[in-house]
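Counting starts at 1 for both ligands and their atoms, in listed order. We count residues from 1, following the sequence as given. Atoms considered below: every heavy atom in the structure, side chains included; atoms not considered: hydrogens, waters and symmetry mates.
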Amino acid sequence: MKKIAFIGGGNMAASLIGGLVSNGWTAEYIIVSDPSVERLAYLQHTFGIQTTQDNSAAAAYAEVIVLAVKPQVMQSVCMSLSEQVGSQLIISIAAGIPCSAISQWLGSQTVIRCMPNTPALIGAGISGLFATAVVTAEQKQLAERILQGAGKVSWLTQEVQIDAVTAISGSGPAYFFLLVEAMIASGEQLGLSRAVATELAQQTALGAAKMLVQSPHDAATLRQQVTSPQGTTEAAIKTFLNGGFMALAEQAITAAATRSQELAQQLSQ
Ligand SMILES: NC(=O)C1=CN([C@@H]2O[C@H](COP(=O)(O)OP(=O)(O)OC[C@H]3O[C@@H](n4cnc5c(N)ncnc54)[C@H](OP(=O)(O)O)[C@@H]3O)[C@@H](O)[C@H]2O)C=CC1
Ligand SMILES: O=C(O)[C@@H]1CCC=N1
C-alpha cells in the first residue's frame, strides 16, 4: 500500500479520501495538507488520517501526490512543491489544467490528469483519467486503485477528451440537483409540504438512477415507458421539449466544456 498526500483538503479531497478509507486504504498512509486548522481537524476526526498545514511536508512523505486545490492556486502550489517532487506519481484533479502545465510547474513528467465527481463521497462517482506517455502500466493501476474507492474509472486516449468528461460527469451531478430543486419548488407550489415534496423528488431521482443503470433499456425507452399517450407525463415532456429543453441542455453542457477549455487557455497566455 502506497502513501498518498492530498494537497488541498476541500470537498473533492474529502470525497476521494472517504472512498479510499471505506475501501480499506490504511488511514495512516494518507496525509492531507490544507491552510485551515478547522478543516484539518474535521478531516482527521472523520477519517483518522494524518494532517498538516505544510504542503511540502505532505509531498515529501508520500509516494503519490493528489493535487486537489482550486485551479486558480494550482500554479503557485505546484511551484512551491517542485523541490519535494521526484519520483512520486502526480494525480491532478483540477478542472482545466493540462498535464503540460502541471509538469512544467512541478518539474515532473509523471502526471495523471483526472476528473472525478462529488458522488465519489459515497463511492458512486466516476472519474475520467488521462496519463502522460511516461506513466507506467503499474502507475496507471495504482491510480485506478486510488480512484476506484470513489467509484468507476474510465481511461481516456486523448487529453482533450477531459473537457467533455468535465462537462458530462464532473459538473453533471449539479444538473440533476438543479432538476430536483425545481421539482421540490413545483411540489410546494402545487400544495405539498417542503418535506413531502423533497422526499418524493429524492426517491424519484434514486429510483430513476437505479433503473438507468440496472435496466437493459436505454434512457429514451425508460422515458417512453412512463409516458402514457395523452397522459400526465406527456403533458410535462411536451412542455419541456417545446420550451427548447434539448437545445438548452446541449448549450449548457457545451458551456461547461468551453469553460474547461478556457481555463486551460488562460494558463497558456
Ligand atoms: N467540486 C467538484 O465537483 C469537482 C472539483 N474538481 C476540482 O477539484 C479541485 C478542488 O475542488 P473542490 O474540492 O471543489 O474545492 P474546495 O475549495 O472545496 O477545496 C480546495 C481546498 O484547497 C485549500 N487550499 C487553498 N489554497 C491552498 C494551498 N495553497 N495549499 C493547500 N490547500 C489549499 C482550500 O482551503 P480554503 O478553502 O481555506 O482556501 C480548500 O480547502 C478543483 O481544482 C476543481 O476543479 C474536479 C472534479 C469535480
Ligand atoms: O465547477 C467546476 O469547475 C468543477 C469541475 C467539475 C465540477 N466542479
Side-chain angles (χ1 to χ4, degrees), residues 5-19 31-44 46-47 49-62 65-82 84-85 90-99 101-102 105-106 111-122 124-130 146-147 150-154 156 161-178 252-267:
F6 284 81
I7 309 298
N11 294 317
M12 279 317 299
S15 298
L16 296 177
I17 293 166
I31 188 165
V32 61
S33 65
D34 194 276
S36 161
V37 177
E38 293 78 25
R39 183 69 188 165
L40 291 176
Y42 165 80
L43 293 168
Q44 204 277 329
T46 309
F47 301 116
I49 56 172
Q50 298 190 63
T51 60
T52 176
Q53 285 180 290
D54 183 349
N55 290 347
S56 298
Y61 165 82
I65 300 172
V66 181
L67 299 168
V69 293
K70 287 285 185 200
Q72 291 76 5
V73 297
M74 189 61 91
Q75 180 169 9
S76 63
V77 165
C78 286
M79 290 180 88
S80 71
L81 287 179
S82 60
Q84 279 70 42
V85 171
I90 310 296
I91 301 177
S92 166
I93 65 164
I97 304 210
C99 291
I102 305 280
W105 299 332
L106 283 176
V111 179
I112 289 180
R113 188 171 160 198
C114 164
M115 177 48 58
N117 62 7
T118 54
L121 185 58
I122 53 166
I126 184 158
S127 303
L129 282 90
F130 173 79
I146 293 171
L147 272 307
K152 294 189 172 185
V153 299
S154 177
L156 306 171
Q161 293 169 329
I162 285 264
D163 294 323
V165 172
T166 305
I168 302 293
S169 56
S171 299
Y175 313 155
F176 289 95
F177 297 143
L178 183 67
I253 292 166
T254 304
T258 305
R259 184 65 191 137
S260 178
Q261 286 162 9
E262 279 170 6
L263 286 168
Q265 276 155 14
Q266 278 168 13
L267 291 169

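- Counting heavy atoms from C-beta on, the side chains of Ile65 and Ile7 come closer than 4.5 Å.
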Which donor-acceptor pairs under 3.5 Å do the side chains of residues 54-61 make with protein atoms, sequence neighbours left out?
unit_1: Asp54; atom_1: OD1; unit_2: Ser56; atom_2: N; d: 3.0
unit_1: Asp54; atom_1: OD1; unit_2: Ala57; atom_2: N; d: 3.2
unit_1: Asn55; atom_1: OD1; unit_2: Ser33; atom_2: OG; d: 2.6
unit_1: Ser56; atom_1: OG; unit_2: Gln84; atom_2: OE1; d: 3.4
unit_1: Tyr61; atom_1: OH; unit_2: Glu28; atom_2: O; d: 2.8
unit_1: Tyr61; atom_1: OH; unit_2: Gln50; atom_2: NE2; d: 3.1

Ligand 1: protein N/O within less than 3.5 Å of ligand N/O:
unit_1: ligand 1; atom_1: 13 (O); unit_2: Asn11; atom_2: N; d: 3.2
unit_1: ligand 1; atom_1: 13 (O); unit_2: Met12; atom_2: N; d: 2.8
unit_1: ligand 1; atom_1: 15 (O); unit_2: Lys70; atom_2: NZ; d: 3.3
unit_1: ligand 1; atom_1: 18 (O); unit_2: Asn11; atom_2: N; d: 2.9
unit_1: ligand 1; atom_1: 18 (O); unit_2: Asn11; atom_2: ND2; d: 3.3
unit_1: ligand 1; atom_1: 30 (N); unit_2: Asn55; atom_2: ND2; d: 2.9
unit_1: ligand 1; atom_1: 41 (O); unit_2: Asp34; atom_2: OD2; d: 2.6
unit_1: ligand 1; atom_1: 43 (O); unit_2: Val69; atom_2: O; d: 2.6
unit_1: ligand 1; atom_1: 45 (O); unit_2: Ala95; atom_2: N; d: 2.9

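- For the pair Asp34 and Ser36, the tightest heavy-atom approach, listed with the atom from each and the gap, is OD1-N, 3.0 Å.
- At the top of the distance list for atom 8 (N) of ligand 2, counting protein heavy atoms only, stands Gly170 O, 4.5 Å.
- In this structure, Ile90 and Val85 have side chains that are in contact, with non-hydrogen atoms separated by less than 4.5 Å.
- Within the 4.0 angstrom cut-off, atom 2 (C) of ligand 2 has no protein heavy-atom neighbours.
- Considering only residues two or more places apart in sequence or on other chains, Ala14 meets the side chain to side chain contact (heavy atoms under 4.5 Å, CB included) condition with Arg39, Leu43, Phe47.
- Close approach of ligand 2 to Ala95 is summarised as follows: ligand atoms under 4.0 Å from at least one heavy atom of the residue are 5 (C).
- In this structure, the side chain to side chain contact (heavy atoms under 4.5 Å, CB included) partners of Gln44, at least two apart in sequence or on a different chain, are Thr51.
- Residues Leu16 and Leu147 meet the side-chain proximity criterion, which asks for heavy atoms closer than 4.5 Å.
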